[in-house]
Structures are given as structure tokens and as C-alpha cells.
Amino acid sequence: MLTAFPTERSRKIAERVERFVRDVVVPYERDPRCVSHGPSPDLVNELRAEARAAGVMTPHILPDGSHLTQLETAAVLKRSGLSPLGPVAVNTMAPDEGNMYLLGKVATAAQQQRFLAPLVSGEARSAFFMTEPAEEGGAGSDPSMLQTTAVRDCGGWVLRGRKKFITGAEGAKVGIVMARTGDTERAQATMFLVDLPHPAIRIERLLDTIDSSMPGGHAQILIDDLRVPAEQVLGEVNEGFRYAQVRLSPARLSHCMRWFGTVMRADEIARAYATTRKAFGKLLIDHEGIGFMLAENLIDMQQAALMIDWCAGVLDAGSAGTVESSMAKVAVSEALFRVTDRCVQILGGNGVSRDTIVEQAFRELRAFRIYDGPTEVHKWSLAKNIKRDTLEAARHG
Ligand SMILES: Cc1cc2nc3c(=O)[nH]c(=O)nc-3n(C[C@H](O)[C@H](O)[C@H](O)COP(=O)(O)OP(=O)(O)OC[C@H]3O[C@@H](n4cnc5c(N)ncnc54)[C@H](O)[C@@H]3O)c2cc1C
């Protein structure tokens, strides 16, 4: 189900990661330091020390700084996700994985040295500041509604605004802030690199959300006269939306990869329960209602695996993969959510208890149907493409 390895090097890395996650990380799942706003900083440090010792830290980036292909990354990240704590331990987690990818593509050598290197080594965490409070009419599904502003001042920039749902901002050392720039009517944005914590970036509150896997939780932030020197602009001024696209497809897909691993574990737990637990004189799996649910899980998982590998192949071929990653994100997040829902049901009362990770997988997958583009937004965008292509085809006879 974890699918074949695309290359020998990815097989070696992925097998090491799987062994580490199953043997070392899984026993930490009941650790009291796994709290509602994500694993505590000392737990993260402890897990990362173990990962370094096992030689599996940041396994998708090679010692020479190059990145595995997306197909290879899929093999590795699926296995890192076999525990909800796995990606945190081996540094394949969101938002750092996507931020590292973006900095690797767009940052200057000096910026990489200062902001990327501590992320790759796993000594620092990062946050991506895009979404704003809906209550104030800010950017959400529609990034062009961005309200945070950046204005030029004394050769640098001054940023003002409020952000919401900023994963991992609490405890992060590196921030990428999206702010509105440019004088044209068309929305334009720029990305800024900032050191955290910063007195002008104030955490107003941590949101109490349904999920609990990401260190630092999700914060609401006030950006109050934040001064950023010109050399901390990421890439070109006014190109923020284009860079967001660079990050978007691989970041969406890596969420699919990690959550695939977690849901595979949930399914393993459900299978084990259904093949040992009896009711009405026979094993649960021998009751058609349960057997069919496990069969449907198998079908959904296989389809999700194929979508992930298909989209990874598209990105590896050099495409931006915007349409393909939208399709994959919808198909995979919805399929994996169905699987976790069935796993909860198969486990009965245990399914809603925290005795196994099934309950957490269910909560995490519910949130995943919203972040990195809610299902409806992807479908809406696909429908726009369908309309354009169909009308175009009709025009050409
Ligand atoms: C757990 C979690 C972590 C997150 N982490 C980060 C982060 O680190 N950094 C960051 O910047 N943001 C982050 N976000 C924010 C996330 O990207 C947004 O929640 C998402 O983009 C949706 O924006 P919104 O919440 O404002 O919903 P809204 O824009 O208010 O949309 C609400 C709903 O309207 C519907 N909708 C919207 N547009 C359309 C359309 N065109 N067609 C049909 N239906 C539509 C969808 O069903 C959508 O769910 C995170 C969110 C969550 C839940």
C-alpha cells in the first residue's frame, strides 16, 4: 500500500525513516507533552535528537542541499507520516517543509545561509503568514483580499496588519510574511523574511482548533509597524503571489503524502481490531458491514496513493502542476477523511478515545479538507478551467 520505491536511494532513505518512526516515534504518541496546541518544544527537541542519532533528520533534502524528486519525496514522506509525530521528529512537517522548498527555489545565497540553513538542520522552525481574520474581511480562500500592507520607508519596508491561523508562529525562528505592495489596482504582494520572535509581531492568541499535531498550534498575530530591511525581501518585489504558486503545488502534495502515512496506520489499527475482536460469535471482519468498510478503505487508499504518485510525476516533469495538485488535494483529503471515519466506526468506543491515534487522524484529516485550499475552492477553480477549455474547444469547431 505504501507503493513501490521509485529509486534505490529513496528505498534506503524511506526504509530508515519507516523503521525510525515505528520503533522510536510511535512510543511517544501517548506522551503527556502532546498537548492541544501541538507537541511541546522539549518534546520536539527530544524527538529531533533521536532523529539525528538515527540519521533520518530532514531526509528529503540530501547533504549537498539537493532535494529528492517529488516521487522519491512521496516514498519518504508517506513513511514519516506513519505517526502524527513522525514529520515533527524527522523535519518533514508543515509548514517548514514547504517553506524550505520555497527558500531553496527563491532565496538568495545570503538569505539561504541565514534563514534556510537552520531549518534544514532542524534547529529552527518557521511560519508562513498569509491568511487574515475573516472577521475583518482579510485574505482567506481568496488571497487577493490581502489587507496587510508593506510600504517603503528609509530604504526598507514597514508592514502593518493582522494574520490568523498562522501555524507554528509560537516558537518559530523564521517567518515568511505576505503583504500587499504595489500601486496598481490589481492586487500585488511581496514576501518578506523575518527573524522571530520579533517585538513588532505579537501573538494575540493561540486558536483552539480541532487538530493537534503541529508544534506551536495556530496563532492570531498583530503585525505592528514591523520594519524589514530591503535585503529581507524574498525574491522580487510584487512577485509574492507568483512565489505562493511555487510553494503551493508541492506543499499541497506533501500534506497528502504525510497524511497518507497517518491514515495507513489508522487503517492498520482498524484491521488489527477487526481481525481479533469478536461480536455475536464471530470476528468483526466476518460481519459484512465491517468487512465492506475495510474493503472500501483499501480502495480509497489505493486511489489516494495513485493520485499522489501521478501528481508527483507531473511536478517532476517540470510542470507547475496547479490543476493536478488541486485534483490530488481534493481526491486525497476527501478519501483519507472517509477512511479515518470508517476506522473510528470499526473501533467502536475505542475509536473516539485517545487510546489509539485513530481519533487524532480523524481530527487532523477534518482540518486538512480546509487548509491549503478548501475542497470547494479547488473544485470551483477546476470548473473555471473546464468552462474555459470547453468554450475554447467549441470555438475551434
Ligand atoms: C489547521 C489550519 C492551519 C492553517 N495554517 C495556515 C498557515 O500556517 N498560514 C496561513 O497563512 N494560513 C493557514 N491556514 C488558513 C487556511 O489556508 C485558510 O483557512 C483557508 O485558505 C480558507 O480560508 P478561510 O478560513 O478564510 O475561509 P473562507 O475564505 O472564509 O472560506 C470559507 C468556506 O467558503 C467556501 N468557499 C470559499 N471560496 C469558495 C469558492 N470560490 N467556491 C465555493 N466555495 C467557496 C469553502 O467551503 C470554504 O471552506 C490554516 C488553516 C487551518 C484550518
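Predicted model only: the values in this text are computed from it and were never measured. Just so you know, ligand 1 is whichever comes first in the structure, and atom 1 is the first atom listed for that ligand. Heavy-atom basis, side chains included; hydrogens, waters and symmetry copies ignored.
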**OP:** Answer with yes or no whether the hydrophobic clustering places Met100 together with Leu248; edges join I, L, V, M, F, W, Y residues whose side-chain heavy atoms lie under 4.5 Å apart.
**Re:** no
Original post:
So, for atom 35 (C) of ligand 1, does the protein have a heavy atom nearer than 4.0 Å?
Top reply: no
Subject >> Residue-ligand contact Thr209/ligand 1, heavy atom below 4.0 Å >> reply: no
Subject >> Min N/O separation Thr167 to ligand 1 under 3.5 Å >> reply: yes
**OP:** May I ask you to check whether His218 has an N/O atom sitting below 3.5 Å from an N/O atom of ligand 1?
**Re:** no
Original post:
Under 4.0 Å between a Lys/Arg side-chain N and an Asp/Glu carboxylate O for Asp225 and Arg160?
Top reply: yes
Original post:
Between Phe260 and Lys78, is there a cation-pi geometry (under 6.0 Å to ring centre, at most 45° from the normal)?
Top reply: yes
**OP:** Give the atoms of ligand 1, by number and element, whose distance to some non-hydrogen atom of Glu376 is under 4.0 Å.
**Re:** 42 (N), 43 (C), 44 (N), 46 (C), 47 (O)
Original post:
Would you say Pro374 and ligand 1 have an N/O pair spaced under 3.5 Å apart?
Top reply: no
Original post:
Are Asp372 and Arg247 ion-paired here, with the side-chain N under 4.0 Å from a carboxylate O?
Top reply: no
**OP:** Note the single closest protein heavy atom to atom 9 (N) of ligand 1, along with its residue, its atom name and the distance in Å.
**Re:** Phe128 O, 2.8 Å
**OP:** Might you check, step by step, whether the distance between atom 25 (O) of ligand 1 and some protein heavy atom is under 4.0 Å?
**Re:** no
**OP:** Determine, using ring centers only, whether Tyr371 and Phe165 are less than 6.0 Å apart.
**Re:** no
Original post:
Should Asp195 and Arg114 count as an ion pair when the cut-off is N to O under 4.0 Å?
Top reply: yes
Subject >> Selected option - heavy-atom contact closest to atom 12 (N) of ligand 1, from Val177, Thr131, Val377 >> reply: Thr131
Original post:
Could an N or O of ligand 1 be found under 3.5 Å from any N or O of Pro95, whether backbone or side chain?
Top reply: no
Subject >> Contact check: Phe165 vs ligand 1, nitrogen or oxygen atoms, below 3.5 angstrom >> reply: yes
Original post:
Where does the angle between the aromatic ring planes of Phe368 and Trp259 fall among parallel (under 30°), tilted (30 to 60°) and perpendicular (over 60°)?
Top reply: tilted
**OP:** Classify the ring geometry between Tyr101 and His67 as parallel (under 30°), tilted (30 to 60°) or perpendicular (over 60°).
**Re:** perpendicular
**OP:** Measure the shortest side-chain to side-chain distance between Val330 and Arg369 over non-hydrogen atoms and say whether it is less than 4.5 angstrom.
**Re:** no
Original post:
If hydrogens are left out, which of Gly217, Ala367, Ser141 has an atom nearest to atom 32 (C) of ligand 1, that is, the closest non-hydrogen atom?
Top reply: Ser141
**OP:** List the closest protein heavy-atom neighbour of atom 20 (C) of ligand 1: residue, atom name, distance to the nearest 0.1 Å.
**Re:** Ile370 O, 4.1 Å
**OP:** Could you tell me whether atom 22 (C) of ligand 1 has a protein heavy atom closer than 4.0 Å?
**Re:** yes
